[in-house]
Amino acid sequence: MQSIEEQFIDLRRRYLELRFGALNEVQRRAVFKTEGPLLILAGAGSGKTTVLVNRIANLILFGHAYHAKQVGAGLAAEDVHELEKCLREQTAPSPQLAARLPVEPVRPWNIMAITFTNKAAGELKSRLASLLGQQVGGDVNASTFHSACVRILRRDAEKMGFPKSFTIYDTDDQQRVLKELYKNMNIDDKFLPVRAAASAIGRLKDRMIPPSEAAETALDARSQLVAQVYAAYAKRCRESGAMDFDDLIYYTVRLLREQNEVRSYYQNRFQYILVDEYQDTSVAQFQLVSLLCGPGQNVCVVGDDDQSIYRFRGATIENILSFELHFPGAEVIRLEQNYRSTGNILDAANCVIRNNEGRKGKTLWTDAGRGEKVRYYYADSELDEAAHIAQVIEENLEQGARLSDHVVLYRMNAQSSPVENYFTRAGIPHKIVGGLRFNDRKEIRDLHAYMSIVSSPQDDLRLRRVINEPARKIGNTTVDKIAEIAAGLEVPMLEVIKGAENYPALSRAAKALKGFYALYLRLVEAEEELPLEEFAAQVPEITGYTDMLLALGEEGATRLENIGQFVSNVKTYVDMNGEEASLEGYLEEIALISDIDSYDESADRVTLMTLHSAKGLEFPYVFIVGLEESIFPSEMSRFAPEDVEEERRLCYVGLTRAKKQLYLSSAATRLLYGQTRRNQPSRFLEEIDEELMEKESSPSLQAARMHRFSPFGSEGGGQRQNGYLDRNYNAAPAKRGNSRSAGMEARFASSLSSAKGPVKKVEGGSFLPGDRVKHKVFGEGVVEKVTPVGGDHLIEIEFEKVGRKKTMANYAPLEKMGVDG
DNA sequence: ATCGATAAGATCGAC
DNA sequence: TCTTATCGAT
């Protein structure tokens, strides 16, 4: 016979299992393991965030009640009966009973959840808020590595020899500093390109190697030079009171390592640490995590070694592979059930990833059914590839899918243009993620630089950036002279500018410099007197930036719009932060925020992005384009097997984004960087089992084969290994048979004569104003205007539902309708 | 100081 | 192909 304590413990477990009943058994095991180190190997689509959020909720609501052997004092038989009743009738426990369930619950502010992106941190916060309420959820620390470090450093940066108000250099600032150092040190950037130096220095900091050690361990001339540049760069940053992104981590680790009181403060503060995307952490980030988690070692990391795709920027997959070595006694839980994709998609992904050597090993499964086969299209050219995608999307739309259900993924941003152009001409609404980011645009950076010098007048780097932008007759020679004088006097450059007339070397430019200083004073005054958003609106006015762009006319129009956007961004910031809003706060925020965070999923558009940016997202229909050797896997990975493995993981990430249908494609010829290349289909295609795929090749390639000249064989003597092609494509086209593809093939066939021309040959002139037409995306409408444009026709159509749109006749999915429509 | 021409270089890219 | 950096001429 069990004691009431034992009965209660049993029932408490059952209650908790019911409470977290939406999770599967393995997920629940991860939630209830509250103490000690835990590695959750979470496969793609296995409900990783759900586990993270529920684990935090369990810590706060119930502590370690699940595994605990203790019950509170004064347990009565009634409590046992009531709990039994709750379980039987599935009702909520009374407040008294509920108070009895937790065992040492954790206070929310003792939990620290660390992510890589603001978006992930935001998602975590909002899901915690909806599970625990705004108040409790908000008390949990959920932030990115970098913002967590900024917060720590804002308290104690002085202990590391930096002002508390240190500025944050982004990648661009960093390169400017390096370029300047190159000049001073007489370094030829042919031998060591600035980008390479920046990256090498970053990798050293990722491994917590200080300049002195870098110099000692440098074996070849190049690493010695890197070490020299690194030392000079670190010195310069310290003098300017600035840290770059890598420094934020580096100095936080050193602070925690070297200052015992600081370390114990945070170890006491953060008793439970959770880290997301652990496969992307660097050595420095690993050290940060281990320093933060004190003797309790309550650290839970979530990651997937198969999705590690950031080796090139310092992530070390060893962190996840050796977790159990770093944290002895760690438990490992594998989440292998996938809730996202169909069986065929998952199997294809498994096929690819199993070719990698260094992995923990994990096989995703689903009970969602086989689904459609993966479809592969072997295109004639990159245009044919784009046309095929447009075609498939139109078909899917007819089946009731939405534009936003589709995503096109590519290896590099440069590949987006053919798809983008085709979509634009066909009138398929789309959105490109990534590429040039809003805050990276020149005009925005310039305005930010002006705001920076108001906030910190010693920021010489940003001063240099804008001192002659717009042109104020202050040239490079003058700026260099100022820098020289400033360095000699050990004052900021602005101080020298203030008293320009006192220095003979500056006599010629003194007037211009006085003018600039007056402008600076006007900015300072505006900042003091106006609310932040009005100050921001004044910056382009006071500095003459607006006038400069107006003078440019047409050319400056988009940049003016960007400035308008900038002002509203500042306003948004003020609205979001209310009383807390400050110039410094705004500058810090933009330094730490990227615009992929503002990726708007609600708009009904097809998304175009790189495979890298797709990590963490999912779409019903996924197109992966350019599956060609030297594109994907990329040319750079050719000789290093580890690099090919990383490409393969990237492929795995891409494949596992698809929920319903996966479309792969490659092109026989591709125009890239102005050159037409012929690439073999990617090895990753070969790795997918035949029976999981349905293959189709461009009609032109079929025709070529029929006439016994293979697409590659007849080409200028180059002996190609086309074994893969022969093996895979012979039987392919026939399979597609008589279905809807007949019309499509006819249309594609017509494109063959002009390899680069539009794919659908419709007589542009056959549309006339007044014609009723039907567009696959926009519905029905009436042609308003037809203008011949370089061999095609621009048609303006007034649609019934979406209003007036412009499309190109040969690209748009347009049909002429009967006379009465 | 600034314009225009010419040459070089070009992955993926959180914070 | 297209952008960005640097150089040389005005």
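Labels below follow one simple rule: chain letters A, B, ... track the order of the sequence lines, proteins then strands, and each chain is numbered from 1.
Under the side-chain contact (heavy atoms from CB on, under 4.5 Å) criterion, A/Asn468 pairs with A/Ala471, A/Arg472, A/Ile474, sequence neighbours left out. For A/Ser282, the side-chain contact (heavy atoms from CB on, under 4.5 Å) partners at least two apart in sequence or on another chain are A/Asp206, A/Ala284, A/Gln285. With sequence neighbours excluded, the residues that form a side-chain contact (heavy atoms from CB on, under 4.5 Å) with A/Ala200 are A/Val226.
Both A/Tyr673 and A/Phe145 lie near DNA chain B, and the one whose nearest nucleotide falls closer to the 5' end is A/Tyr673. Across the interface with DNA chain B, nearest-nucleotide mapping of A/Arg313 and A/Gly475 shows A/Gly475 to be the residue nearer the 5′ end.
Under 3.5 Å, the side chain of A/Arg195 and the base of B/dG13 form at least one donor-acceptor pair of N or O atoms.
The pair A/Arg649-A/Glu646 counts as a salt bridge, with a side-chain nitrogen and a carboxylate oxygen less than 4.0 angstrom apart.
Of the listed nucleotides (B/dG13, B/dG9, B/dA1), B/dA1 has the atom at the smallest distance from the side chain of A/Thr477. Listed candidates were B/dA1, B/dC15, B/dG13. Nearest to the side chain of A/Thr478 is B/dA1. Here B/dC15 is the nucleotide among B/dT2, B/dC15, B/dA14 with the atom lying nearest to any side-chain atom of A/Asn118. In the set B/dC15, B/dG13, B/dG9, the nucleotide with an atom closest to the side chain of A/Thr117 is B/dC15. When the nucleotides B/dA1, B/dC12, B/dA14 are ranked by their closest atom to the side chain of A/Arg411, B/dC12 comes out on top. Closest to the side chain of A/Lys190, out of B/dT11, B/dC15, B/dG9, is B/dG9. When each of B/dA14, B/dG13, B/dT11 is scored by its nearest atom to the side-chain atoms of A/His146, the top-ranked nucleotide is B/dA14.
No contact: A/Ile309 has no heavy atom under 4.0 Å from any strand. A/Met636 comes within 4.0 angstrom of a base, heavy atoms only. Within the 4.0 angstrom heavy-atom criterion, base atoms lie near A/Ser634. Counting any heavy atom pair closer than 4.0 Å across all strands shown, A/Asp170 reaches no nucleic acid atom. Backbone-only contact: A/Asn476 has heavy atoms under 4.0 Å from sugar-phosphate atoms and none from a base.
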Going by atom type alone, with no hydrogens or angles, which donor-acceptor pairs under 3.5 Å involve a side-chain atom of residues 148-155 of chain A and a protein atom two or more places apart or on another chain?
residue: A/Arg151; atom: NH2; partner: A/Ser143; partner atom: OG; Å: 3.2
residue: A/Arg154; atom: NE; partner: A/Glu588; partner atom: OE1; Å: 3.0
residue: A/Arg154; atom: NH1; partner: A/Lys164; partner atom: O; Å: 2.9
residue: A/Arg154; atom: NH1; partner: A/Phe166; partner atom: O; Å: 2.9
residue: A/Arg154; atom: NH2; partner: A/Phe166; partner atom: O; Å: 3.4
residue: A/Arg154; atom: NH2; partner: A/Glu588; partner atom: OE1; Å: 2.8

When Watson-Crick pairs (N1 to N3 and N6-O4 or O6-N4) and G-U wobble pairs (N1-O2 and O6-N3) count only below 3.5 Å on both distances, what is the dot-bracket string of DNA chain B, with | for other-strand pairs?
||||||||||.....

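Between B/dT2 and A/Asn468, a contact under 4.0 Å exists linking OP1 or OP2 to a side-chain N or O. Remark: A/Ser613 is in phosphate contact with B/dG13, judged by side-chain N or O atoms under 4.0 Å from OP1 or OP2. Between B/dG13 and A/Thr610, a contact under 4.0 Å exists linking OP1 or OP2 to a side-chain N or O.
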Strictly under 4.0 angstrom, non-hydrogen atoms only: write out the protein contact profile of nucleotides 2-10 of chain C, one letter per nucleotide from the 5' end, B, S or -.
---------

